[in-house]
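Written out below as structure tokens is the structure these notes cover.
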Amino acid sequence: MSILQLSGGSILRLIRLFGIYLLLLFGAVLFTAPFLWMLSTSLKTPELVFTHPPQFIPNPVQFRNYMEGWQRLPFTRFTLNTVIITSHNAIMDTLVSAVVGFSFARLRAPGKDYLFVLVLATMMVPYEVTRVPLYILFSRLGWVNTLLPLMIPTWFGWPFFIFLLRQFFTTIPFDLDDAARMDGCHSFRIFVQILIPLSKPALAAVAIFSFVSNWNDFQGPLIYLSDLNQYTLALGLRMMQGGRFIFIHQVMAVSIVSVLPLLLIFFSAQRYFIRGVTLSGIKA
């Protein structure tokens with residue numbers, strides 16, 4: 001069918017579709033431009049970093065920036081510390097928040113709605129308010145300059161993740177619980193064998209949120225860690241930027257390497273992540 005044979009409504013739909021794709025293309029370029037510039041800078045020689053006009057495609061391409069930047073500080077140790085903290089926190093955030101969210105959504109207990117409101121109220125308390133009391137507590141426990149202050153709090157759940165999973169659990173029909181109880185299942189078995197398999201999208205969303213926030217965490221390690229062997233990638237990158245001689249091209253190279261795990265995890269679990277976030281707010 002030629003353009004002349006299209007009706008007025010079809011032309012309007014084509015124009016609307018073209019506008020949507022044009023807007024999406026503009027947003028994609030806008031959000032990927034900083035990453036592409038970082039990638040370009042990581043492959044430049046020091047002389048090309050601040051040239052004017054800027055050179056987007058480096059010539060010559062210098063791949064040794066990645067090796068030299070990685071060896072400038074013990075980034076292998078920093079990466080190991082970051083992996084330990086992030087993996088532990090992602091697992092505990094998902095597990096604990098799932099248990100608490102299941103309790104709020106599926107179990108019958110007097111006053112549970114008031115307790116849930118109390119949990120949500122803690123989301124309104126800024127981290128700056130609790131920073132000093134937490135530091136005093138961990139200092140008296142002898143945990144300062146260890147990884148424990150960055151890991152133990154996840155054993156008690158995170159309010160946003162509890163809310164997210166509680167909302168998802170309420171979308172699952174309660175008839176499944178009643179049928180399972182008639183067959184002799186107790187609450188824990190219902191949770192493990194029925195709700196967990198049905199909640200993979202929401203659990204994946206929580207795990208990704210936790211992984212990203214802990215991988216990029218800078219303030220927590222900055223407050224509690226002072227030993228170089230305990231540092232994370234975020235602190236290592238900040239050290240690299242704060243030296244007497246700033247090697248921007250090597251900083252960008254190490255930054256690219258540190259971002260790659262986040263990109264791989266997000267794109268590998270993108271389907272579950274989007275579905276989990278979309279479905280979690282259907283039913284209150």
Side-chain angles (χ1 to χ4, degrees), residues 31 34 78-104 112-168 202-242 255 258-259 261-262 265-266 273 276-277 280-281 284:
F31 280 96
F78 298 164
T79 303
L80 179 60
N81 294 335
T82 306
V83 169
I84 292 173
I85 296 172
T86 304
S87 302
H88 171 273
N89 290 357
I91 293 173
M92 293 306 298
D93 277 333
T94 305
L95 178 61
V96 175
S97 299
V99 172
V100 179
F102 166 78
S103 302
F104 280 126
K112 73 169 186 178
D113 292 335
Y114 297 103
L115 290 176
F116 182 64
V117 171
L118 183 63
V119 170
L120 294 182
T122 62
M123 297 173 60
M124 293 180 277
V125 180
Y127 178 68
E128 290 75 13
V129 174
T130 60
R131 183 186 302 166
V132 174
L134 282 176
Y135 184 85
I136 294 174
L137 172 64
F138 293 139
S139 177
R140 292 183 177 178
L141 291 173
W143 291 358
V144 175
N145 199 28
T146 69
L147 301 182
L148 293 178
L150 306 175
M151 300 169 66
I152 297 301
T154 58
W155 293 11
F156 302 94
W158 194 254
F160 174 70
F161 297 153
I162 294 173
F163 167 76
L164 191 69
L165 291 175
R166 185 260 184 188
Q167 294 300 97
F168 190 91
L203 296 175
V206 169
I208 293 175
F209 274 132
S210 177
F211 190 95
V212 172
S213 62
N214 284 282
W215 187 272
N216 293 327
D217 186 23
F218 173 74
Q219 195 174 65
L222 179 66
I223 292 174
Y224 295 111
L225 303 179
S226 58
D227 186 0
L228 185 66
N229 291 326
Q230 302 285 347
Y231 274 18
T232 60
L233 277 173
L235 291 183
L237 285 170
R238 184 64 187 90
M239 282 185 62
M240 207 171 177
Q241 298 174 27
S255 299
S258 66
V259 166
L262 300 180
I265 288 178
F266 177 77
F273 174 72
V277 174
S280 297

Side chain to side chain donor-acceptor pair (under 3.5 Å): pairs with one or both residues in residues 115-130, sequence neighbours excluded: none
N81 side chain vs Y231 backbone, donor-acceptor pair below 3.5 Å: yes
Distance, nearest 0.5 Å, that separates CD1 of I208 from CG of L262: 10.5 Å
Inter-residue atom distance F156.CZ - D93.CG, 0.5 Å rounding: 12.5 Å
Straight-line distance of R238 CZ to F218 CZ, nearest 0.5 Å: 6.0 Å
W215 side chain to S258 backbone, donor-acceptor under 3.5 Å: yes
Student check: side-chain heavy atoms of F104 and L115 closer than 4.5 Å: yes
Shortest non-hydrogen contact from F78 toward L228: CE2-O, 3.2 Å
Point-to-point distance, once rounded to the nearest 0.5 Å, from OG1 of T232 to CD1 of I84: 12.0 Å
Taking every non-hydrogen atom, the tightest pair across D217 and P221: OD2-CD, 3.3 Å
Parallel, tilted or perpendicular, as decided by the 30° and 60° cut-offs, for the rings of F209 and F160: perpendicular
Minimum heavy-atom distance R131-Y224, with the two atoms named: O-OH, 4.4 Å
Sub-4.5 Å side-chain heavy-atom contact between M123 and L120: yes
Donor-acceptor contact below 3.5 Å, side chain S97 vs main chain F161: no
Flag, side chain of S210 to backbone of V206, donor-acceptor distance under 3.5 Å: no
Pairwise distance OG(S103) to CD1(I162) - rounded to 0.5 angstrom: 9.5 Å
From CA spacing to verdict: side chain to side chain contact (heavy atoms under 4.5 Å, CB included), T154, V96: CA-CA 8 Å; T154 58; V96 175; over 6 Å; no
Table please: side-chain donor-acceptor pairs of residues 132-153 below 3.5 Å, with sequence neighbours left out.
| residue | atom | partner | partner atom | Å |
| --- | --- | --- | --- | --- |
| N145 | OD1 | S226 | N | 3.0 |
| N145 | OD1 | S226 | OG | 3.3 |
| N145 | OD1 | D227 | N | 2.9 |
| T146 | OG1 | W143 | O | 2.4 |
| T146 | OG1 | L148 | N | 3.4 |

H88 and W155: CA distance, side-chain angles, deciding distance, side chain to side chain contact (heavy atoms under 4.5 Å, CB included) verdict: CA-CA 10 Å; H88 171 273; W155 293 11; 3.0 Å; yes
Closest contact, heavy atoms only, S255 versus L237: OG-CD2, 3.8 Å
Straight-line distance of T86 OG1 to I91 CD1, nearest 0.5 Å: 11.0 Å
